[in-house]
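Lettering follows sequence order; numbering is per chain, from 1. Values reported hereafter were calculated over all heavy atoms of this structure, with side chains retained and with hydrogens, waters and symmetry mates removed.
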Number of protein chains: 2
Amino acid sequence: MVDYISLLKQNNLKATIQRTNILKSINRTGHITIDEIYEELKIDYPTLSLATIYKNILLMVQHGVIVEIPISGEKSKYEIKKDEHIHLICKSCGNIEDRELSSCNIDIEDFNIIFKQINLYGLCRNCQSK
Amino acid sequence: MVDYISLLKQNNLKATIQRTNILKSINRTGHITIDEIYEELKIDYPTLSLATIYKNILLMVQHGVIVEIPISGEKSKYEIKKDEHIHLICKSCGNIEDRELSSCNIDIEDFNIIFKQINLYGLCRNCQSK
DNA sequence: GTTGTTAATAAAAATTATTATCAAAAAAAG
DNA sequence: CTTTTTTTGATAATAATTTTTATTAACAAC
C-alpha cells in the first residue's frame with residue numbers, strides 16, 4: 001500500500017482528503033481520466049466538486065506527483081509518477097499496460113532529454129483472440 | 001512539393017480546397033495545432049469555418065492522411081502521416097523536431113503493435129544555450 | 001444550360017470541457 | 001483561542017468541440 005500522505009508532503013503539497021483519494025483512484029486503476037475519478041469519488045464524497053479535481057490534478061502534475069498520459073483521439077489519463085516505462089495501449093478495449101523500458105536505449109546528441117513518453121498502440125493479448 | 005490532391009484521393013477523400021489547404025499548412029510547419037491552421041487559413045479564406053477544420057482533421061485522421069500528436073499539457077498537433085519517426089519536443093520553445101527511429105528496436109511479445117508514438121521532451125540545442 | 005442528386009461547407013446552436021471567482025470551511029501558525 | 005493561510009465547493013465564465021440546419025458547390029443526366 002502506498003503512503004499518499006508522505007508522497008504529497010515530499011512534493012510540498014498538503015495531504016487533504018481530496019488529494020489522497022484522487023491518488024487512491026489513480027493508483028487503483030493504474031491510469032484514469034478526470035471524469036472517471038470524479039464518477040468514482042462522488043459515490044463516497046457526494047459534495048466533492050469536479051473543479052477541485054481539475055485543480056488538484058493540475059497541481060499534482062506541476063509538483064511531479066502524477067503524470068499526464070495524452071492519448072490519440074481520447075481524453076488524457078493520469079498515473080502516479082514512477083520509474084521510466086512504456087505504455088501498451090489497446091486500440092480495442094482501451095486498456096493501458098505498463099512495461100519495462102528495456103531493449104530501447106535512445107540517446108540523442110544535441111538534445112537534452114528531460115523525460116520520455118513511449119506509447120505503443122495495438123491489440124492486447126486478450127483482444128487479439130477475438 | 002507534395003501532391004495533396006493525389007494524397008487525398010488515394011485515401012478515398014475528395015480533394016476540396018479546404019482540405020488541400022489544411023494539408024498545405026500542416027506540411028509547411030511540420031506540426032501544427034487546429035487553432036494555428038485556422039489562424040493561417042482565414043487570412044486567405046475569410047469565410048472558412050473552424051468547424052470545417054475540426055471535421056476535416058478528424059476525417060483525415062480516420063482515413064490515415066494525417067496523424068495526431070497528443071502532447072502533455074498542450075493542445076494536440078497534427079502532421080502528415082509518414083514513415084516511423086520520433087519527436088523531440090522542446091519544453092522551452094515548444095518546437096517539435098522529427099528524428100529517425102534508430103537505436104531503438106522495441107519488440108513486445110503478446111502485444112500486436114499497430115503504431116508507435118515516441119515523444120522525447122527536453123531542451124533543444126538552441127534553448128540549452130540560454 | 002437547366003435540373004436533380006449528392007456531398008461539403010458555413011453559420012448557428014447545443015453540448016461538453018476547463019478555468020476563474022469567491023465565500024465558507026479547514027488547516028496551520030502564532 | 002485568534003489570526004493567517006490554504007483549500008474546498010458552488011457557481012459563473014470561458015473555451016473547446018460536436019451537432020444541427022441551411023446554404024452552396026460539384027457534377028452527372030437530361
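For Glu39(B), the salt bridge (Lys or Arg N to Asp or Glu O under 4.0 Å) partners at least two apart in sequence or on another chain are Lys42(B). By the salt bridge (Lys or Arg N to Asp or Glu O under 4.0 Å) test, Glu68(B) is found to be paired with no residue, residues two or more places apart in sequence or in another chain being considered. With sequence neighbours left out, the salt bridge (Lys or Arg N to Asp or Glu O under 4.0 Å) criterion links Lys91(B) to no other residue. Scored by the salt bridge (Lys or Arg N to Asp or Glu O under 4.0 Å) test, Glu109(A) finds no partners at all (sequence neighbours excluded).
How far CD1 of Ile71(B) is from OG1 of Thr33(B): 9.0 Å, rounded to the nearest 0.5 Å. Note that SG of Cys124(A) and CD of Glu97(A) are 8.0 Å apart. Values are rounded to the nearest 0.5 Å.
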The contact string for nucleotides 23-30 of chain C, one letter per nucleotide 5' to 3', using protein heavy atoms under 4.0 Å with B, S and - for base, sugar-phosphate only and none, comes out as -----S--
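Sequence neighbours left out, the pairs with a member in residues 49-58 of chain B that pass side-chain hydrogen bond (donor to acceptor under 3.5 Å, both in side chains) are Arg19(B)-Asn56(B). A ring pair (Phe, Tyr, Trp, His ring centres under 6.0 Å) check over residues 18-51 of chain B, counting only residues at least two apart or in different chains, returns the pairs His31(B)-His87(B).
Comparing the helix axis at one end of the helix from dG1(C)-dC30(D) to dG30(C)-dC1(D) with that at the other, each defined from 5 consecutive pairs, gives an inter-axis angle of 20° (nearest 10°).
For DNA chain D, the contact window with chain A, defined by any atom under 4.0 Å from a protein heavy atom, covers dT6(D) to dT11(D) in 5' to 3' order.
Two residues are said to be in side-chain contact when any heavy atoms from C-beta on lie closer than 4.5 Å; Ser25(B) and Leu41(B) meet this criterion. Looking at heavy atoms from C-beta onward, Thr29(A) lies out of side-chain contact with Lys77(A) at the 4.5 angstrom threshold. For the pair Tyr4(B) and Asn27(B), the minimum side-chain heavy-atom distance is below 4.5 Å.
Connection of Ile32(A) to Ile34(A) is established within a shared hydrophobic cluster, with ILVMFWY side chains joined at heavy-atom distances below 4.5 Å, either directly or through further cluster members. Residue Ile96(A) is not grouped with residue Val61(A) when hydrophobic side chains (ILVMFWY) are merged at heavy-atom distances under 4.5 angstrom, including chains of intermediate members. Residue Ile53(A) is grouped with residue Tyr78(A) when hydrophobic side chains (ILVMFWY) are merged at heavy-atom distances under 4.5 angstrom, including chains of intermediate members.
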Under 3.5 Å, side-chain donor or acceptor atoms of residues 5-15 of chain A against the rest of the protein: list the pairs with distances, not counting sequence neighbours.
{"from": "Ser6(A)", "atom 1": "OG", "to": "Asp3(A)", "atom 2": "OD1", "distance (Å)": "3.3"}
{"from": "Ser6(A)", "atom 1": "OG", "to": "Asp3(A)", "atom 2": "OD2", "distance (Å)": "2.2"}
{"from": "Asn11(A)", "atom 1": "ND2", "to": "Leu7(A)", "atom 2": "O", "distance (Å)": "2.8"}

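Atoms CG (Leu13(B)) and P (dA7(C)) sit 13 Å apart, rounded to a whole Å. One interatomic measurement links the two molecules: CD1 of Ile53(B) to P of dA10(C), which rounds to 9 Å at whole-angstrom precision. Regarding Asn12(B), its CG atom lies at a distance of 14 Å from the P atom of dA7(C), rounded to whole Å.
Contacts with DNA chain D (heavy atom under 4.0 Å) in residues 54-69 of chain A: Lys55(A), Asn56(A), listed by number. Residues from residues 28-49 of chain A lying near DNA chain D, meaning a heavy-atom separation below 4.0 Å, are Thr47(A), Leu48(A), Ser49(A) in numerical order.
In this model, the phosphate group of dT9(C) is not approached by any side-chain N or O of Thr52(B) to a distance below 4.0 Å at OP1 or OP2.
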